[in-house]
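First the structure, in the form of structure tokens, and then the observations on it.
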2 protein chains.
Amino acid sequence: MSRPAAPARRRPRRPRDGRVRPGIKDVAARAGVSPATVSRVLGGTYPVAQATRAKVQRAMRELDYVVNAQARALKGATSKTVAFIVSDVTGPFFAHVADGVEQQATAEGRLCLVCTTHDEPERELAVIDLMREQRADAVILVGGGQEDHAYRERMVRLARALDDAGSRLVLCGRPPLGDDVPATVVDYDNEGGAFAMTSHLLALGHRRIAFMGAQENLTTPTARVRGFRRAHHERGLEPDPELVIEGEFTRSFGYAGARDLLRRRPDVTAIFSATDVVATGVLQAVRDAGLRCPDDVSVTGYDDIPFAADFAPALTTVSIPHSELGRAAVRLALHRDSYSTGQYVKLGTHLAVRDSAGPLPH
Amino acid sequence: MSRPAAPARRRPRRPRDGRVRPGIKDVAARAGVSPATVSRVLGGTYPVAQATRAKVQRAMRELDYVVNAQARALKGATSKTVAFIVSDVTGPFFAHVADGVEQQATAEGRLCLVCTTHDEPERELAVIDLMREQRADAVILVGGGQEDHAYRERMVRLARALDDAGSRLVLCGRPPLGDDVPATVVDYDNEGGAFAMTSHLLALGHRRIAFMGAQENLTTPTARVRGFRRAHHERGLEPDPELVIEGEFTRSFGYAGARDLLRRRPDVTAIFSATDVVATGVLQAVRDAGLRCPDDVSVTGYDDIPFAADFAPALTTVSIPHSELGRAAVRLALHRDSYSTGQYVKLGTHLAVRDSAGPLPH
DNA sequence: ATGAAAGCGCTAACAG
DNA sequence: CTGTTAGCGCTTTCAT
């Protein structure tokens, strides 16, 4: 020690193998200016003499320079990214919400990270931690959640953790957590859509309508069942509890559920499937039972997935503003007032009336 | 200068507003160790005394510490991300390839960035530059490209630029650029699938088969047309040039194209649509013409998109190993030999025989 | 208008 | 096994 700061042998700079990324210093050297000046022309947001700027830009072009996003992010508060967390990328729901998210993120100069959880709570936690590490501006969780109290508490904790890390949690397609929780919620009217669809079937004369795909612990199907019931009640009708059938949002449940139902309750004239995917199974079961849709039994869905109009017959369903959901999620997360906590937006849904539901037979 | 390094007033550390992200130093202070030690327990890959490790871990938990991914990436050579670039997230092709990419990326400890180009060449360039900035490990370009020479040259340049930046370009679903180009290509057998499908139709007795959706300047439809032709030739048949119909991969082209065709050439007995999306339009046109499928005219597709089996009738099509394509893309990009340049893998396709193609009428 | 210098939060030699 | 010390590539005062 004590030797006054031996200027330390600088290793030959850039130890990497092949060609190497030029840095801001290389550009500076080539342009005959200081690194600070290069940084200023990069940022654009600072006065730099026309001539200097030109020199720097030429040097950048000649060196094929690109900034290092990590180094830049290290200084700033965020990494200019938006994270998109979903159970499964192949869900028919996903693509169009992703489209909205990506559109808006790009419009706001953000990159888009995608992660999946496959509905594993552990993985969900892990992914959210990853996003904290990345310091994403917004973390958008897509799809319905559980009704469960413990789950809700966990979400609240995650929202706070993200908030502390400077990120914003956005819940997309599920109900709010509460006003004191720093999260943005972009929901759509599950109950209203189900109400409208059920009213439509009721207006067509149907009275024995089955709801296929209830799930008590999940927010989405629960809200849809609520709308289903309310539509009955508003007409002074009481839905038959036996016709509200529990099951997952899968084609195979739709198939098995409808097959059994049609056997057990041949008096049913309409089947309101909780989702379009369920409806595909239901339609298959109807065909296999030798019944015609909509002549013998009406079938409807929910979601209006791509190609719903190409089913046999074209599916009458509830249309969700998928991509607007995604766009709103990003927009709200990025432009909230600095000190707002809870934010809540609910978008509307509308009926897509096609061929799979018709008037009551006879 | 000459003043011997005035030790400079340290600002009160952490100027941010609300709560603040604890850093490695905070953890170190709390655990009573040095930052380096904290880093070592973080990395896991270095001997640390059991007791020390425990102390550090407790401190991390108490502070709810997460590493700063940007700071970490600044040191390392890459950012542990894989970029996924696609024309449009809502394309039916996208979801399952994305699924494969995401799966494999996660398995390899990488995060997944998604960007869209909407087929705008400018945007494609911009996006690739963004990925250079991000220092993504792999940049996966999904979907067919143009046959165009200029376009190809541009790709070569991009491949080199990415290579210099330490990233790997992967072309997914398009032909190779050449052996000397540092890129990985994961393709599938477009021609073989079209050959198999055409042979299937020929074997069913069809002789007037239309190909709906040729496009000369794009690699994908061109390869499919090639398979279509070859299947004819191998049976000593010459495909009627008038029946190879130019058009985009859209439903509306499928509809208009088939409508006109059925009017102009009522002798056609089978329509091979270049994609399933085109097939949806074709099916609609067939229905609207008062014809039945497959009784009057057979219709087939290509891609085997989700729900192809739910069309009316269930669509006979060519199945592409979408998610394996995505998985292979990531796997190869990450595990290539350090000095390999061109890499090329071609996956197989297979027929999904369903109901929309039947034997020749009469 | 430009340059010098101090870090952002972390990792990685190099010494103990 | 643990602490010290340099930076990674960039932005940002503070001087000039």
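Below, each value reflects all heavy atoms present in this structure, side chains not excepted, and no hydrogens, waters or symmetry copies. Naming convention: chains lettered A, B, ... in sequence-line order (proteins, then strands); numbering from 1 in each chain.
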Next item on the list: Whole angstrom is fine here: how far is it from CD in Q70(A) over to C1' in dC10(D)?
Entry: 12 Å
Next item on the list: Tell me what V67(A) touches on the nucleic acid: a base, only sugar-phosphate, or nothing, going by heavy atoms under 4.0 Å.
Entry: sugar-phosphate
Item checked: Atom-pair distance (CD on Q134(A); P on dG9(C)), nearest Å -> 16 Å
Note to self: When you measure from the side chain of T184(B) to the backbone of V170(B), do you find a donor-acceptor pair of N or O atoms at a distance under 3.5 Å?
What the structure shows: no
Checklist line | Length of the CD1-P vector between I24(B) and dA12(C), whole Å | finding: 11 Å
Margin query: Taking side chain to side chain donor-acceptor pair (under 3.5 Å) as the criterion, tell me which of D137(A), T78(A), T81(A) meets it with R110(A).
Written below: D137(A)
Checklist line | Separation of dT11(D) P from K75(A) NZ (nearest whole Å) | finding: 9 Å
Next item on the list: Show your working on side-chain contact (heavy atoms from CB on, under 4.5 Å) between R123(A) and H118(A) and close with a plain yes or no.
Entry: CA-CA 8 Å; R123(A) 174 93 190 121; H118(A) 296 284; 5.6 Å; no
Item checked: Any R72(B) side-chain nitrogen or oxygen under 4.0 Å from OP1 or OP2 of dT11(C) -> yes
Margin query: Treating T116(A) as the side-chain partner and V89(A) as the backbone partner, does any N or O pair qualify as donor plus acceptor under 3.5 Å?
Written below: no
Checklist line | 5'-to-3' dot-bracket of DNA chain C (Watson-Crick, G-U; under 3.5 angstrom; crossing pairs as [ ]; | other strand) | finding: ||||||||||||||||
Notebook entry, point to check: Which atoms form the tightest heavy-atom contact between P176(B) and V185(B), and what is the distance?
Noted result: CA-CG2, 3.6 Å
Check: Between dG9(D) atom P and D26(A) atom CG, what is the distance in whole Å?
Finding: 9 Å
Item checked: Interatomic distance, L63(B) CG vs dG9(C) C1' [rounded to whole Å] -> 15 Å
Next item on the list: Please state how far atom CG in L74(B) lies from atom P in dC8(C), giving the value in whole angstrom units.
Entry: 13 Å
Item checked: Strand-adjacent residues in residues 40-51 of chain B, judged by heavy atoms under 4.0 Å from DNA chain D -> R40(B), Y46(B), P47(B), V48(B), A49(B)
Checklist line | Minimum-distance nucleotide (side-chain atoms of T52(B) versus dT2(D), dG9(D), dT11(C)) | finding: dT2(D)
Next item on the list: Taking R21(A) for its side chain and G166(B) for its backbone only, find out whether a donor-acceptor pair lies under 3.5 Å.
Entry: no
Next item on the list: Classify the side-chain pair T341(A)/D180(A) by whether it contains a donor and acceptor separated by less than 3.5 Å.
Entry: no
Notebook entry, point to check: What is the nucleic acid contact for V33(A), judged by heavy atoms within less than 4.0 Å: base, sugar-phosphate only, or nothing?
Noted result: sugar-phosphate
Check: Expressed in angstrom and rounded to an integer, what is the separation of E133(B) atom CD from dT11(D) atom P?
Finding: 10 Å
Check: Going through the checks in order, is the side-chain contact (heavy atoms from CB on, under 4.5 Å) test met by E124(A) and M155(A)?
Finding: CA-CA 10 Å; E124(A) 193 166 295; M155(A) 272 302 139; 2.9 Å; yes
Next item on the list: Mind running side-chain contact (heavy atoms from CB on, under 4.5 Å) on V82(A) and R168(A) for me, showing each step along the way?
Entry: CA-CA 9 Å; V82(A) 159; R168(A) 182 71 175 182; over 6 Å; no
Checklist line | T37(B) side chain near dG3(D) phosphate (N/O to OP1/OP2, under 4.0 Å) | finding: yes
